[in-house]
> 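One structure is given below, represented as structure tokens, and several questions about it will come after.
Numbers restart at 1 for each chain; the letters A, B, ... are given by sequence-line order, proteins then strands.
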Amino acid sequence: MQDLAFMTVSKVSDLIQKREVSPVEITESVLQRIDQYNDHLKSYITVCGELARKQAHERERELSRGCYRGPLHGIPIAHKDVLYTRAVRTTAHSRALDDVTITEDAQVVVRLEAAGMVMLGKTNTNEFANGGTEHYGTPRLPWDARCFSGGSSAGSANAVAAGLAPAATGSDTAGSIRAPASFCGVVGLKATHGLVPVDGLIPLSWSMDYAGPLARSVADIGLLMDAMAPHPKTSNWLLADCWDLTGMSIGIPRQHFFEGLDSEVERVVRRALDRLNLLGADLRSVDLPRAGDLAAASSVILAVEAFASHAGRLREKGDLYGTRARRHLSSGAFYSGAEYEQAGQIRTLWMQELAKAMADLDLIVTPTVSIPPVPISVEETRPPDTSWGTRHFNLSGHPAISIPCGFTESGHPVGLQMVAHWHDETTLLQAAMAYERAFPWHEGYLALKEVI
Amino acid sequence: MSACSDWLKAEAKRQGLSLDDEDLEVIGKMIRRTQEDLVKRRPKTTEGLHSPFCLCEPK
């Protein structure tokens, strides 16, 4: 039964459609795994086993009536606990939401449920996707339980890697889907700004927030995206299997993204670039001199917009926030309007520079994170900057995906980030799929059946 | 308490935030570091350079 918990969404979908596996079987298999490992991995804040079983039985009854909702019918999913859900409590890893009643589901939850998915529960996150993890524990890296798996969609990523969910939702304000996907050896997508609805996602920064999927393969991400934000013309983001990158122009930034990398991360990523070449891609160096100028600008924008959103609750019950969240989210109160605008001007210059650099390219490729995962003690006391290579595309709005591209000598997964033009998720997913088909690092998570 | 800390304390009060001295010290360090970095990066020419009011595809 446990093997079912490690199958990709695409595989389970196929088995459900052929009636070889039932929604109840797959749900029970994953719930069993959650029961076994959630205390250790801290993947979920809330598990809704009873609701999941009820939904799985309903999906099964639908199938026996001949009602098949589509490829996600009867497949379990976990939702990051910053997405509002009516049926299951939403904590955002905070005590500040303890007495809040939710009246509407987040739009992505509605869409995935309409597609037939079964909700397993709410996954662990940094408090309000920005603070600490003192209330419900720190999600652990399945590959090395001494390390943190995030953040902030850390619970979603470790659940997908460790067989505690075939797929999950996450949110990404500066890299919070892509960084944990990279650390955990799974796939995570932040789509074009505005494509995936953020209604019902607890806001952190209105101009940098994204909701998106995490899964075990690019094909799975395509299926999830078809439900979360259907392609406006074709309904499907992945139109065909993709096996090579012939004719594709890929930019490799000269500045910032390859500077100061951990040596093991650099070794793995450089090898991945060679492999993109082997697949027929035309790799070119591109200049992005402003790429190193964005840390302060993104910090100011995020802090000011986060304060704007949290101000009311901070005034009313700031004492219920954890220390790190209270300080981070309050810090936006102390920047001036001039500083927020200056940050916005730096953002505009970056967007112009990136648009110009990408004019003759299909994609830009970078490491997702510059460092391997850090020990939990480091995350809890002096968290590193894991948005070092990702915040750029929250600022610019471009779609970006992290796919597994190998392991460090210590056995930690490394992620490769691909970035496409606005609304060109199809090219992004096709390129990512070609890479993973040729070099299936994404199947590395299967080792976790034995490792944990 | 330094003038900067006094300003932070007064501003926190004005904003209606209950932050203690330790909170303000940490926030102060955090924002000073960011402000110093922002000064180094701010554009020299600013006329006509707007913050994106509503994020849309760059041209």
> Can you measure from OG1 (B:T46) to CG (A:L349) and round to the nearest 0.5 angstrom?
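Here the rounded value is 10.5 Å.
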
> Quick one: closest heavy-atom pair of B:L38 and A:A296, and the distance?
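Smallest interatomic distance, heavy atoms only, reads N-CB, 3.7 Å.
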
> Counting only heavy atoms not in B:D20, do more than 12 fall under 6.0 Å of its CG?
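Buried by this count: over 12 neighbours within 6.0 Å.
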
> With a 4.5 Å cut-off on heavy-atom pairs, point out which of B:I27, B:T34, B:L49, B:L17 contacts chain A the most.
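Answer, by heavy-atom pair count under 4.5 Å with chain A: B:L49.
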
> Looking only at heavy atoms and a cut-off of under 4.5 Å, which of A:Q342, A:H328, A:Q345 has the most pairs with chain B?
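Highest number of pairs under 4.5 Å: A:Q345.
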
> Could you pull out the closest heavy-atom pair between B:Q35 and A:F334, with the gap in Å?
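Distance-wise, the nearest heavy atoms are NE2-O, 4.2 Å.
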
> Of all of B:R33, B:R42, B:H50, which one pairs up most often with chain A through heavy atoms under 4.5 Å apart?
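Looking at each of B:R33, B:R42, B:H50 in turn, B:R42 comes out on top.
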
> Which region of B:E22, side chain (C-beta onward) or backbone (N, CA, C, O), has a non-hydrogen atom less than 4.5 Å from a non-hydrogen atom of chain A, or is it both or neither?
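Both backbone and side chain.
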
> Which heavy atom of B:M30 sits nearest to which heavy atom of A:R327, and what is that distance?
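Minimum heavy-atom separation between B:M30 and A:R327: CE-O, 3.9 Å.
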
> Would you check if the side chain of A:R315 reaches a backbone N or O of B:Q15 as a donor-acceptor pair within less than 3.5 Å?
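Yes.
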
> Shortest non-hydrogen contact from B:S51 to A:G344?
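The pair with the smallest heavy-atom distance is OG-CA, 3.5 Å.
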
> If you look at every heavy atom in B:E11 and A:A333, which pair is closest and at what distance?
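Distance-wise, the nearest heavy atoms are OE2-O, 4.0 Å.
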
> Do B:D23 and A:S330 have side chains that approach each other closer than 4.5 Å (heavy atoms only, starting at C-beta)?
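Not in contact.
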
> Where do A:R326 and B:L19 come nearest, in terms of heavy atoms and distance?
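Residues A:R326 and B:L19, closest heavy atoms: CG-CD2, 3.9 Å.
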
> Which answer fits A:H398, side chain, backbone, both or neither, if we ask what part of it has an atom under 4.5 Å from a heavy atom of chain B?
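The side chain, not the backbone.
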
> Which one, A:E339, A:E316, A:R290, leads in non-hydrogen pairs under 4.5 Å with chain B?
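Counting heavy-atom pairs under 4.5 Å, the top option is A:E339.
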
